[in-house]
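Report on the structure given below.
To find a chain, count down the sequence lines: A is the first, B the second, and so on, and within it residues start at 1.
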Amino acid sequence: MSVIFESSRKGRRSMVHAPMGITLKEAGGRAILSDLPENALRTAPLPLPEVSELEAVRHYTRLSQINYSIDTNFYPLGSCTMKYNPKVCNTLALHPGFLGRHPLSPVDADLGQGVLSCLYDLQRMLKGLIGLPGVSLTPMAGAQGEFAGVAMIRAFHDARDDRNRTEILVPDASHGTNPATATMCGYTVKEIPTLSDGDVDLEALKAAVGPQTAGLMLTNPSTLGVFERSIREMAKVVHDAGGLLYYDGANLNAIAQRVRPGDMGFDCVHLNVHKTFATPHGGGGPGAGPVLVNQRLMPHLPIPTIRRGTDDEGRDIFRLTDASEYPQSMGPLSAFAGNVGVLLRAYVYLRLTGSNGMRRVSEFAVLNANYLMKRLTEAGFTAAFPERRATHEFILTLKNEADSFGVTALDFAKRLLDYGFYAPTIYFPLLVPECLLIEPTETESKEELDRFVAAMIAIRKEAETEPETVRTAPHTTPVGRLDETRAARQPDLVWSADTTRT
Amino acid sequence: MSVIFESSRKGRRSMVHAPMGITLKEAGGRAILSDLPENALRTAPLPLPEVSELEAVRHYTRLSQINYSIDTNFYPLGSCTMKYNPKVCNTLALHPGFLGRHPLSPVDADLGQGVLSCLYDLQRMLKGLIGLPGVSLTPMAGAQGEFAGVAMIRAFHDARDDRNRTEILVPDASHGTNPATATMCGYTVKEIPTLSDGDVDLEALKAAVGPQTAGLMLTNPSTLGVFERSIREMAKVVHDAGGLLYYDGANLNAIAQRVRPGDMGFDCVHLNVHKTFATPHGGGGPGAGPVLVNQRLMPHLPIPTIRRGTDDEGRDIFRLTDASEYPQSMGPLSAFAGNVGVLLRAYVYLRLTGSNGMRRVSEFAVLNANYLMKRLTEAGFTAAFPERRATHEFILTLKNEADSFGVTALDFAKRLLDYGFYAPTIYFPLLVPECLLIEPTETESKEELDRFVAAMIAIRKEAETEPETVRTAPHTTPVGRLDETRAARQPDLVWSADTTRT
Amino acid sequence: MPYIPHTDADVAEMLAVIGVNTTQDLFDEIPAELKVDSENMIPEGAPEWRVAADLRQRAASDRTLTNFIGAGAYDHHIPAAVWELVTRGEFYTAYTPYQAEASQGTLQTLYEFQTMIAGLMAMDLSNASLYDGASALAEAVLMAIRANRKVKSKVVLMPESLHPVWRQVVHTLVRHQGIILKTVRIDSKYGVVQPSALAEFDSEEIAALVIPQPNLFGQLEDVDTLTDWAKARGALSIAAVNPMAMALLKPPGQWGSDGVDIACGEGQPLGIPLSSGGPYFGFLTAKKALVRQVPGRIVGRTVDGQGREGFVLTLQAREQHIRRSRATSNICTNQGLMTTAATLYMTLLGPQGLHETAISCHANAQHLRDAVEVVPGVSIRYTGPFFHEFIITLDGINSQDDKAVPNLMQRMAKKGYAAGLPLSLWYPERRREILLCATEIHDAILIDAFAETLREELACL
Amino acid sequence: MPYIPHTDADVAEMLAVIGVNTTQDLFDEIPAELKVDSENMIPEGAPEWRVAADLRQRAASDRTLTNFIGAGAYDHHIPAAVWELVTRGEFYTAYTPYQAEASQGTLQTLYEFQTMIAGLMAMDLSNASLYDGASALAEAVLMAIRANRKVKSKVVLMPESLHPVWRQVVHTLVRHQGIILKTVRIDSKYGVVQPSALAEFDSEEIAALVIPQPNLFGQLEDVDTLTDWAKARGALSIAAVNPMAMALLKPPGQWGSDGVDIACGEGQPLGIPLSSGGPYFGFLTAKKALVRQVPGRIVGRTVDGQGREGFVLTLQAREQHIRRSRATSNICTNQGLMTTAATLYMTLLGPQGLHETAISCHANAQHLRDAVEVVPGVSIRYTGPFFHEFIITLDGINSQDDKAVPNLMQRMAKKGYAAGLPLSLWYPERRREILLCATEIHDAILIDAFAETLREELACL
Ligand SMILES: Cc1ncc(COP(=O)(O)O)c(C=O)c1O
Ligand SMILES: Cc1ncc(COP(=O)(O)O)c(C=O)c1O
């Protein structure tokens, strides 16, 4: 589709969005600005599109229609937990009372208690679910939760003047945000290899830990779609060396209400509410990444958190904590209190789903993944860890297909789009060649999974008989396979009137 | 797409919509029903689809995507005024305060004044716009407004014991609702022919009126897209014969704030707020059809209307009138007060657009229609009334094209769909052969009109060079040309599990 | 501040193409003496922010009471997904689906709606909506008169227990066609029609009988007897029902030995907000034999040239745009979007959810009755089975006092309650009676608090 | 009550395929001693109607005050079309657009966003969002340190007039990388940085200078001088600006002789609701030369095999999923949907609408200043140009009294006003000062009523 700027016409506008109801010229123009020095004013024209409201509505409605999304397609993107995002969570979070409140608006027993009581309740629920006593909701996504976690680990060591711990350990299958976060916190990163059964190599871990170890970052179930069976031993190894354990909660959907990261021995946890608690991904965000900690990290939590107290008249009141209550806090992570609107949606989800419901969530997430893995392996595909149970996700390796037909995981992924499915995660984790990381989630029906299996089988057939069809896929999307190399070599990042294209 | 019932699976459900949060069995089942006689209870299973919320969301999201609509396509459907429906009208009408109010909720100076004050203001605005002193907002669409109007005309004659007026006159180009309404009100219908210049045949009208004439129903501008120039004479003819004049307001967009139906001599008017005031058509409704009347019809207005008064403490109060205040009312037309939510949207539109804005609406609606007519006739198409100004719409006759290429108005219409345009109204009015009634509305840009002209030219070219393409259109829609004859001959109106199709 | 995209340059170009100097010239066929200038009662246009601020304030001032009123409009929870989807632009801004191939979304949804509502009523078929329940009943009466070729009479019977405004609407809409509406009285203990009341019409030719279920007072009519009585007399039977109730009670298609001929009603309980009374939608379902007498749009399934299934408006020969003065009705625009909402509502609840919602309404209404019955000064007006509403009598109130109940209602409103509908609104002499309603959202806590407040306020009287 | 479609029959079939007896067997790799039962602090699930009723009540209890607070979050009108479109499922429920061909809606919107925000800042390019303004500034600081190869120092200067929480967030996020943050003081009359304050750093090597515009107090900094000073010192300049202000004020790309190197800020004023502080979004724009140092997602335009234009995530070699520990940032999920809202906001307002909105904010802020200045006991704290907020001093209040201003605020809240931000929140010693803000929605009537109430309440002190 043509970009919005190409529809722009000089002088076109929506007068309902003229704040004074008249044009600037009619209003007396620049006179209003007489107190501003001439050289402080903008002279460069505002290069925004000039279109009518109808043109804008049409343009963005049509753009939306060319997106795949959970609301329109099965979206088995591994590690991303693309489950149904209940509409009611959005509807309630958009209530004018929640939307209109300024973050610094006065708080007393009659004011601001709606949103703060929800956040307080959410804090309590998360503590129960994770099995850790301290919580801060403020991180704005998983990666910021990771930052908060590792920064707390650092604050903990620093507070004890234990300054020689310079290293963070991560499994080689870890998500890229783990090592990137460790770097941001000033650590060097050491990768621990994975055994052929998918578990972390415990011996290698033992060999790697030492007085330089600040901590270990771990996902469990891991990004390989298996549960680390020796988690208790691993925790002991790290703790014995004086390090702390960080839990990356991206995969919580597999174990919610069954195993608590706190019980596994983790000192610190982040959650992705945009995964486990079904808040929308919005084409890239916003999410929220609350962090939970045990007693020893509690003093270092990022501020603010929500506390319950009483006002001068003895009435219950929920309020934000301030720096004076957390003198050892690692600091604030945002200008206000994080992605409150996202947290509200997660809260609604948890209220609806409830304790028993979350247990069913993990039950059916795991059932769907194991069923899908079994159907696909029976159909001749190769699982990366065939001897293991799938968790909420599992990995196929298409190495055989690549070798036999010259059709790669990327080609399969693109061809799946033609069949109406979003593609699984590809080429992650890096250690499994030609891999697809497939996560169906609990909200998909058996029929949908069966359709996916049928599509995979059909594509393999095509790979055999007409590989070019697969190699040049997709064919039914609004554009064909896009040239990523060109995009990176000749970056075209903003539109301009004189950009011409062939 | 498969119908929702085909996705149904026995026992599937969304538990969040179980009102008690538990299943009926858990709740103790039929015990609750012990006070209801067994033979009063339903035993037939409820034949509703059993799907998950995600399946429902996907199904109806996808269904929506295969609709053309104003938000996605130019929709030049003549007589229907498919202009942009401002989003803000919807957003404000959906405010919880408006949505949650029961129609019989108590009204006093502190209660219910929000919605009633809006409706009262709307009544005032409409009176100004139309130039008539009486109004009732309650009719739920244009056709019900027509019923109200003709029933008031009848009530007027009856009240004077003038019982021999048995006939309603309508032009032969009139909309089908006009004669159908006259019948519902117990009148016989006489059609008045149209002259070749598009005006009603004044001489024929003179010949037709008489003591049997109850009234004349007229649209001006007419459904032929021209302004009846002799409207004052027509009014005189009918009035002199003791009949009354009814104005069908479907075409008000052409003359808003320029000519008032009251000044033309009409006694009674209905408006289509879903045309002139941009409330959505919703795939067929709801609309609203307020009626306006002059002094002599006022006692007969449908109830309720909104009045301003004072309460016991002297405070201003808006309230609904009741039958006791309108003893000669034609009666109520709905269980409550009509389509209030639609009227609120119209009110918001009028507040935004305002007096001067409505004048610009008619200015640009007429500019667009005349421009489009000129461009198309210059391109070789035949206007039905080439000597006349277009109003907000105009008629092309494709008789030449049908004769030369064997390609009909229907074929053109279907082929336009392939070009991304909804089709104009076809074969209405009936008196113009192979006609397209084209109404662009003021909210479309010149570029969009130019694209439409280009498509029409391209299709005529196709009609010449590859007529089969046009005759078998559409080709790019989710289904091809549908067999309407079969639909009517073998009606398949409800889905059932054993309906099989080839 | 209208929504107009034209730039000055556009206007100049367009005028040049047309060959006129100003846009005013385009209006030169309008007689000069008719033209008006813009002055009138419409205020100047305002920017969006200003109108939004004003309207939000007005909406907020309609503070919504905890509502115990039913009487034809019911306060159910609507799953959020319903209106999130219904207001999608592609549904919301489409027209009546004249061009079927470009309107399959709307058409298929309507076909699914027809299937669901016909199934709920256990009838053969349905149209695609009428304006509201009251006007749908009027259309059903007209349809019955057209369809009944067995009897010559145009007498239609409507019980006293039918919603009085519905009776008036029917009267308004059918009176010009020679139809005679007669009232069947109800008994004073059960609030329903007894066979003896029907017997009064034994000697008359009757064209149709209207049967409400539940009736205005929430009481259940003996629908089997009424349906069979009509049939035996050669009259058509017309059910006027609450669709939510039909998820629990026997549906009209199964009343009596053979079911009713036409079943209609108000669709509001199926996912439509209260919204001060509208837009709602009327539904009308019928036996197969009557299909060509049905008013309004009907969607049918058919195939395209390649045999693919698709949906179209069908049987249009019944309608005003084809048959003009001989159409089955003058209806054109109906309440389409509301049926989209109802389709989503029924789909999301599903058979079990809808059934349980109806049961929950009933259970809560029982609780409400029990809770108010023990309030001193309150008694239950009628005996016999009821569904989700019932009448109480305030025994302590002077039956001549016009002000007592309205005052009580105002005081209850100050406490946050719409405390039921005073029956005197429609029956001036029934000054001590109030119609109360509960749905699935009136749980025990809410009801007990309400009953307590009622007790307090009655004690102050 | 989870969202799970499985029927009992489905489960049985699926277990049979897998070859286990119960779903519990699927968890058999989890050490038994780790397994917990469901008891914990999460309550039982509830049906939608019950949760909705509770949440609506809580939301309504957050009664929204007429708001005169700014301080980093601004109360603008948002055209209704923005959120009607943003919440369409296809935008709302898509992931980060890894599969470009199935995500052109999101990708093209982001490309348009990048173009608009870069244009507003008069910078060469933009990323596709960061978390919020404060964290975007931290990323900008990290980026400047990476990019500045001219100086070896890691000293970054931030003026005292920069939002204090932003300063803390920057500190939190950059402190572990050896970066030294130093504060540039402001003068007490104008509330801005003067050349003399910069002169204090004349002998130091500086890596970057942060320049807020307008600053926390609403005052306008002498951005040209500051930008040129940085350039002359070999430091990179980082603008931290309010994007609404940039529709009126000179944009960072044109500050000084050559523009700043990086311009970032809080996107909330561009169509994002206040919502208790989030989700908002941070934006970051830069000069072309710095493109490979930019953190976060970037969308680029390219072509497919047939030469059709399309959009992809690009320059991914900067990012954590490729470069891991050597990435430009750890950010993964950003605030995508918020930029969709901003794109729509900027599109609907257009160049004229945005410019006029900024002017209207300014005009109303002037009116507000004039209206409160004449209230006895109120004086204006700073001299010099400002944009849409400013500080007042309550002269009558004892400067040692901790309670006076909070009490006043509470009383104003009872009258329906969020009467500005007490500066003591961040500067405990500034007990008599309040930061006040007006936008386009604070018209003269609203402001005059506010000033009158303030007068009354101050008179009672
Ligand atoms: C395993 C894992 N860790 C961390 C993250 C980062 O979370 P976020 O994208 O919320 O920053 C992800 C997200 O994809 C993930 O899958
Ligand atoms: C000229 C004319 N009259 C009357 C009507 C009927 O109005 P409604 O559809 O609102 O009942 C229409 C609608 O298309 C119309 O175009």
Side-chain angles (χ1 to χ4, degrees), chain B residues 13 17 19 32 46-48 56 63-64 66-71 92 95 97-100 103 114 125 128 140-141 143 176 179-181 183 185-186 189 259 280-287 331 335-336 339-341 351 354-355 357 359 371 417 445-446 477 479-480 482 487 492-495, chain C residues 2 5 10 14 34 38 40-42 44-45 51 55 58-59 61-62 64 88-90 92-96 101-102 104-106 115 119 125 131-132 134 172 176 273 275-279 300-302 304 310 314 320-321 324-325 327 330 332-337 347 350-351 353 360 363 440:
Chain B
R13 65 181 301 195
H17 304 305
I32 303 171
L46 273 174
L48 298 177
L63 274 184
S64 78
I66 56 174
N67 256 6
Y68 286 31
S69 63
I70 303 176
D71 277 7
L92 294 176
H95 192 290
F98 288 139
L99 278 192
M125 290 183 189
M140 291 179 283
T181 298
T183 303
C185 292
V189 176
V259 198
H281 281 87
F336 301 106
N339 284 339
V340 174
R351 284 284 305 276
S355 135
R359 197 171 161 86
Y371 173 75
L417 307 180
S445 67
K446 176 173 171 299
T477 45
V479 288
L482 290 163
D492 170 358
L493 312 179
V494 296
W495 186 87
Chain C
D10 290 337
M14 292 169 82
L34 282 179
S38 65
N40 64 26
M41 286 150 126
I42 304 185
E44 268 315 294
V51 176
L55 267 280
R58 295 201 204 196
S61 81
D62 280 359
T64 333
R88 284 176 60 85
E90 302 96 317
Y92 189 76
T93 73
Y95 199 78
T96 302
E101 298 82 2
Q104 288 296 297
T106 294
T115 305
L125 54 84
Y131 300 129
D132 78 338
T172 305
H176 302 302
S275 187
S276 290
R301 185 162 60 163
T302 183
D304 71 4
T314 193
Q320 45 74 28
H321 60 291
R324 299 178 66 85
S325 64
N330 72 338
C332 177
T333 293
N334 56 29
Q335 308 280 116
L337 198 69
T347 301
S360 190
E440 81 282 5

Counting heavy-atom pairs under 4.5 Å with chain C, which one of [options] comes out on top?
options                      : value
B:Ala56, B:Gly282, B:Gly97   : B:Gly282
B:Gly341, B:Pro280, B:Ala141 : B:Pro280
B:Gly100, B:Pro47, B:Gly176  : B:Gly176
B:Ser445, B:Cys185, B:Gly186 : B:Cys185
B:Gly284, B:Gly357, B:Ala143 : B:Gly284

(message) For B:Gly480, is there any backbone N or O sitting under 3.5 Å from a side-chain donor or acceptor partner on C:Asp304?
(response) yes
Please answer whether the main-chain N or O of C:Ala94 pairs with a side-chain N or O of B:Asn67 as donor and acceptor at a distance below 3.5 Å. no
Rounded distance [0.5 Å steps], [atom1] in [X] versus [atom2] in [Y]:
X        : Y        : atom1 : atom2 : result
B:Thr181 : C:Arg324 : OG1   : CZ    : 11.0 Å
B:Asp492 : C:Thr302 : CG    : OG1   : 8.5 Å
B:Met140 : C:Gln335 : CE    : CD    : 6.5 Å

Looking at [X] and [Y], what are the two nearest heavy atoms and their distance?
X        : Y        : answer
B:Pro286 : B:Asn339 : CB-ND2, 3.8 Å
C:Ala327 : B:Ala180 : CB-CB, 4.4 Å
B:Val494 : C:Thr115 : CA-OG1, 3.3 Å

Practice prompt. For C:Leu55 and B:His95, run side-chain contact (heavy atoms from CB on, under 4.5 Å): C-alpha distance rounded to whole Å, both residues' side-chain angles, the deciding distance at 0.1 Å, then the answer.
Written response: CA-CA 9 Å; C:Leu55 267 280; B:His95 192 290; over 6 Å; no
Start with the C-alpha distance between C:His321 and C:Cys332, add both sets of side-chain angles, then the distance that settles side-chain contact (heavy atoms from CB on, under 4.5 Å), and finish with yes or no. CA-CA 8 Å; C:His321 60 291; C:Cys332 177; over 6 Å; no
[X] portion near chain C, given a 4.5 angstrom heavy-atom threshold:
X        : result
B:Leu482 : both
B:Arg351 : both
B:Leu493 : both
B:Val189 : side chain

Determine the option with the most heavy-atom pairs under 4.5 angstrom with chain B, choosing from [options].
options                                : result
C:Pro279, C:Gly336, C:Ala363, C:Ser61  : C:Pro279
C:Met14, C:Glu440, C:Arg88             : C:Met14
C:Gly353, C:Ala102, C:Gly45, C:Gly89   : C:Ala102
C:Leu125, C:Thr64, C:Val51             : C:Val51
C:Gly119, C:Gly350, C:Ser275, C:Ala134 : C:Ser275

Measure [X] against the heavy atoms of chain B and call it side chain, backbone, both or neither at under 4.5 Å.
X        : value
C:Thr333 : both
C:Gln104 : both
C:Thr106 : both

**Message:** Taking the side chain as everything from C-beta on, heavy atoms only, tell me whether B:Leu417 gets closer than 4.5 Å to B:Tyr68.
**Reply:** yes
